[in-house]
Amino acid sequence: MLTKKEVEKIAELARLELDEREKEKFAEDLSSVIGYIQKLSEVNVEKVEPMTGGTNLESITRMDDEIKTISDSQMRGQILNASPNREGDYFKVPSILE
Amino acid sequence: MNLEKLTIKEAHKLLEEKEITSVELVEAHFDEIKKRDGDIHAFLSLNKEEALETAEKVDERISRGEPIEMLAGIPVAIKDNILIKGAKTTAASKILENYIAPYDATVIKKLKEEEAIFIGKTNMDEFAMGSSTENSAFGPTKNPVDLERVPGGSSGGSATAVKAGFCVYALGSDTGGSIRQPAGFCGAVGFKPTYGAVSRHGLIAVASSLDQIGPIARNVDDAAAVFEAIRGADELDSTSVSVDWQNYWDSSLDIKEIKIGIPREYFIHGLNPEIEKNIKSVISKLEKEGAKIEEISLPYNEWALATYYIIMPAEVSANLARFDGIKYGYSQISNLSAEGGQISNLLDVYLKTRGEGFGAEVRRRIMLGTYILSAGYYDAYYSRAQRVRRLIKQDFDRAFEKVDAIITPTSPTTAFKFGEKTQKPLSMYLADVYTVSVNLAGVPGISIPAREVNGLPVGLQLIGKNFDDVKLLQIAKIVEQLTKEII
């Protein structure tokens, strides 16, 4: 069973603000799911390689080609316009250094 | 003529023969939406003006005697986590409530080349997390077969739109059953292609190693027609694969040549006995008609759901980190005040934006993933789940050395009532028990309607070998035919 304190810690790491009532509900919900996934400890995974993706493809690369998408000026404008706090062509964030 | 119940093939033929116009076809679907979507709520946004403009263009081409593509002039609904340039794309989340897509998803680009008609964006569980469409930030969708019941999820709006006659076919996305389960609950055909067969570029990511786009349609032929239009390698999705696809239409698969596997692990605890009976009657019919039926074993299936509920939330927690209130979407940054306010620094912007922008299930899964990936737990959960995932994949590899396809139920129950599972997330997760292993293994899966139970649709799932999608569709067509004879 996760404690309220543990839930607070996870929420902070996940950058989610929760209210007091939610903390209790999430402690209960997460505990029941974590209880269920413990089931995997029954499986012997010795000498089994992890499957890290949906295909067997490895390290696919392509040529950089800025002509294709990035220089689409209309798209560039739309992407910048979607920002909730913009200055010129920059996304503006609060300063993080004193 | 009932224009809102046509299949793609029927509509295409009528358009070509000038029996109907694309404008009439589009109008008929919008009329139906106007009449019934107030109750059902399949759509989050509609696009009538542009739809009619495209329809007029297609009609002009037809009147000039030009040949048209299979999907030209035919109305399609798109799940609201797939980007259409210039259209609102919300993923049914408050955090993207006003987001306008700056580009087309690759599947949309491909459909535009065919001059498909986009009539609207469909409702879903927020960020495709859920099995009932109850997790939409904009209210649930109702099952058109029984308005007191859920349509399944997460592509519930797409399945509903097809069943209700609001579109001829729809696109959905499937991470753990999100195309197949709602198709099963609504009585439609839902196809999840092999992972990598269809580009994911422009699909809002949930769990990148599991997500795949696919069609929901009225029959297997239609699903195949859409699959042929949207598949293919794409340099903007480095997990998409180049395949020399065979043609669905020019083959002649003989029922006597197909071998079907019945996994004993799928016909045990928790399965509604009436559903079991219906699936088994299809199997008997197949055997009677000459298909070879073999009992098989997928021993690691027992751990598929637990594996899924580790890998999926882990990927979710990473993918959804991008919603930070800085680049796009809902943000609390405008409430920033230097001194004394509730939001005084960057961390506060993140916490408030994400705390308020995401619904309960999304936050639950982000936190679950964060926990699983955190120091001290990574090996016990994530690393172990990746290894069990390989064992699950090897189960399928072994099975497909012996059989061409596997038959299972799509879901253990028929559509459930609203609120039945929302209080206990784990009970909702169990709705995916027959569908998640397909995504873990990357194999293709399709749900087709079997005989109903108490007036509610039942889905029969067929699973195929990686990149044998066309063969799977051909087998599905044979099973679809037999199923109709039983019904």
Side-chain angles (χ1 to χ4, degrees), chain A residues 2 6-7 9-19 22 25-26 29-30 32-43 45-57 59-63 65 68-69 72 74-79 81-85 91-96, chain B residues 99-100 102-103 195-196 209-210 235 238-239 241 300 303 305-307 309-310 317 321 324-331 333-334 336 345-347 349-352 354-356 358 360 363-364 366-371 374 380-381 383-391 393 424-426 429 442:
Chain A
L2 288 184
E6 285 173 299
V7 171
K9 177 72 185 159
I10 299 165
E12 194 202 331
L13 289 171
R15 301 290 185 257
L16 295 167
E17 189 179 78
L18 304 179
D19 63 35
E22 284 176 326
K25 172 84 172 103
F26 279 127
D29 292 348
L30 294 177
S32 87
V33 179
I34 291 164
Y36 179 74
I37 60 179
Q38 304 279 359
K39 207 175 149 53
L40 281 199
S41 61
E42 303 161 7
V43 184
V45 292
E46 231 180 292
K47 294 186 193 148
V48 182
E49 283 296 306
M51 181 169 163
T52 54
T55 61
N56 298 325
L57 297 172
S59 304
I60 301 299
T61 59
R62 64 174 163 80
M63 294 297 289
D65 189 354
K68 265 188 189 145
T69 48
D72 176 340
Q74 196 197 2
M75 183 163 97
R76 187 172 173 279
Q78 278 171 337
I79 289 170
N81 279 337
S83 166
N85 197 28
F91 299 120
K92 196 174 167 192
V93 296
S95 66
I96 50 167
Chain B
Y99 180 69
I100 308 288
Y103 59 90
Y195 181 82
S209 79
L210 304 164
E235 67 172 10
S238 60
T239 60
V241 178
Y300 287 101
W303 293 278
L305 199 64
T307 304
Y309 276 96
I310 292 170
S317 72
D324 58 2
I326 302 296
K327 300 181 293 296
Y328 46 78
Y330 173 84
S331 179
I333 200 164
S334 55
L336 190 71
N345 58 39
L346 186 60
L347 182 61
V349 174
Y350 293 155
L351 290 171
K352 283 269 177 204
R354 292 163 59 82
E356 290 174 15
F358 290 134
R363 282 180 291 155
R364 196 150 39 225
I366 291 173
M367 288 172 64
L368 195 55
T370 305
Y371 174 80
S374 60
Y381 293 112
S383 172
R384 176 168 279 267
Q386 285 187 315
R387 289 165 212 271
V388 181
R389 184 178 184 182
R390 179 166 306 277
L391 294 170
K393 171 80 166 70
K424 292 217 158 64
L426 192 56
Y429 297 174

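Quick note on labels: first sequence line is chain A, next is B, and so on, each numbered from 1.
Separation of atoms CD (B:Glu235) and OG1 (A:Thr61) is listed at 11.0 Å; rounding is to 0.5 Å. Note: B:Leu347 CG to A:Ile96 CD1 = 11.0 Å, rounded to the nearest 0.5 Å. Put simply, CG on B:Asp324 and CZ on A:Phe91 are 9.5 Å apart, with the number rounded to the nearest 0.5 Å.
Looking only at heavy-atom pairs under 4.5 Å with chain A, the residue among B:Tyr371, B:Tyr309, B:Tyr103 that has the most is B:Tyr371. Considering only heavy-atom pairs separated by less than 4.5 Å from chain A, the leading option among B:Ile310, B:Val349, B:Asn345 is B:Ile310. For the set A:Gln78, A:Glu42, A:Arg15, A:Lys9, the entry with the most heavy-atom pairs within less than 4.5 Å of chain B is A:Arg15. Ranking A:Pro84, A:Ser83, A:Gly35 against chain B, the residue ahead of the rest is A:Pro84, based on heavy-atom pairs under 4.5 Å. Looking only at heavy-atom pairs under 4.5 Å with chain B, the residue among A:Glu17, A:Lys25, A:Glu22 that has the most is A:Glu17. Listed options B:Tyr381, B:Tyr99, B:Phe358 were ranked by heavy-atom pairs under 4.5 angstrom with chain A; first place goes to B:Tyr381. Of the listed residues (A:Ile10, A:Leu13, A:Val7), the one with the most heavy-atom contacts under 4.5 Å to chain B is A:Ile10. The residue among A:Leu18, A:Asp29, A:Asp19, A:Asn85 with the most heavy atom pairs within less than 4.5 Å of chain B is A:Asp29. Listed options B:Pro102, B:Ser209, B:Ser238 were ranked by heavy-atom pairs under 4.5 angstrom with chain A; first place goes to B:Pro102. Annotation: maximal heavy-atom pairing with chain A below 4.5 Å, among B:Pro425, B:Gly196, B:Gly442, occurs at B:Pro425. Counting heavy-atom pairs under 4.5 Å between each of A:Lys92, A:Gln38, A:Glu6 and chain B puts A:Gln38 at the top.
Contacts of A:Ala82 classified as side-chain contact (heavy atoms from CB on, under 4.5 Å), with partners at least two apart in sequence or in another chain: B:Tyr328. Residues satisfying the ring-ring contact (aromatic ring centres under 6.0 Å, His included) criterion with B:Tyr195, sequence neighbours excluded, are absent altogether.
Of the atoms belonging to B:Ser334, not a single heavy atom falls under 4.5 Å from chain A. With a 4.5 angstrom heavy-atom cutoff, B:Ala385 touches chain A via backbone and side-chain atoms both. Residue contact with chain A, scored on non-hydrogen atoms closer than 4.5 Å, involves the side chain of B:Lys393 exclusively. Looking at B:Leu210, there are no atoms closer than 4.5 Å to chain A (heavy atoms on both sides), in backbone or side chain. At a 4.5 Å heavy-atom cutoff, the contact between B:Thr307 and chain A is made by backbone and side-chain atoms alike. For chain A, the nearby part of B:Tyr429 is the side chain; its heavy atoms alone come within less than 4.5 Å. With a 4.5 angstrom heavy-atom cutoff, B:Leu346 touches chain A via backbone and side-chain atoms both.
Open room surrounds OH on B:Tyr300; 12 or fewer heavy atoms of other groups in view lie less than 6.0 Å from it.
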(request) Evaluate the side chain to side chain contact (heavy atoms under 4.5 Å, CB included) criterion for residues B:Leu368 and A:Ile34: first the C-alpha distance (whole Å), next the side-chain angles of each, then the deciding distance (0.1 Å), finally the verdict. (result) CA-CA 8 Å; B:Leu368 195 55; A:Ile34 291 164; 3.9 Å; yes

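Here the side chain of B:Arg384 pairs a donor or acceptor atom with the backbone of A:Leu40 at under 3.5 angstrom. Put simply, the side chain of B:Arg387 never gets that close to the backbone of A:Val45: no donor and acceptor are under 3.5 Å apart.
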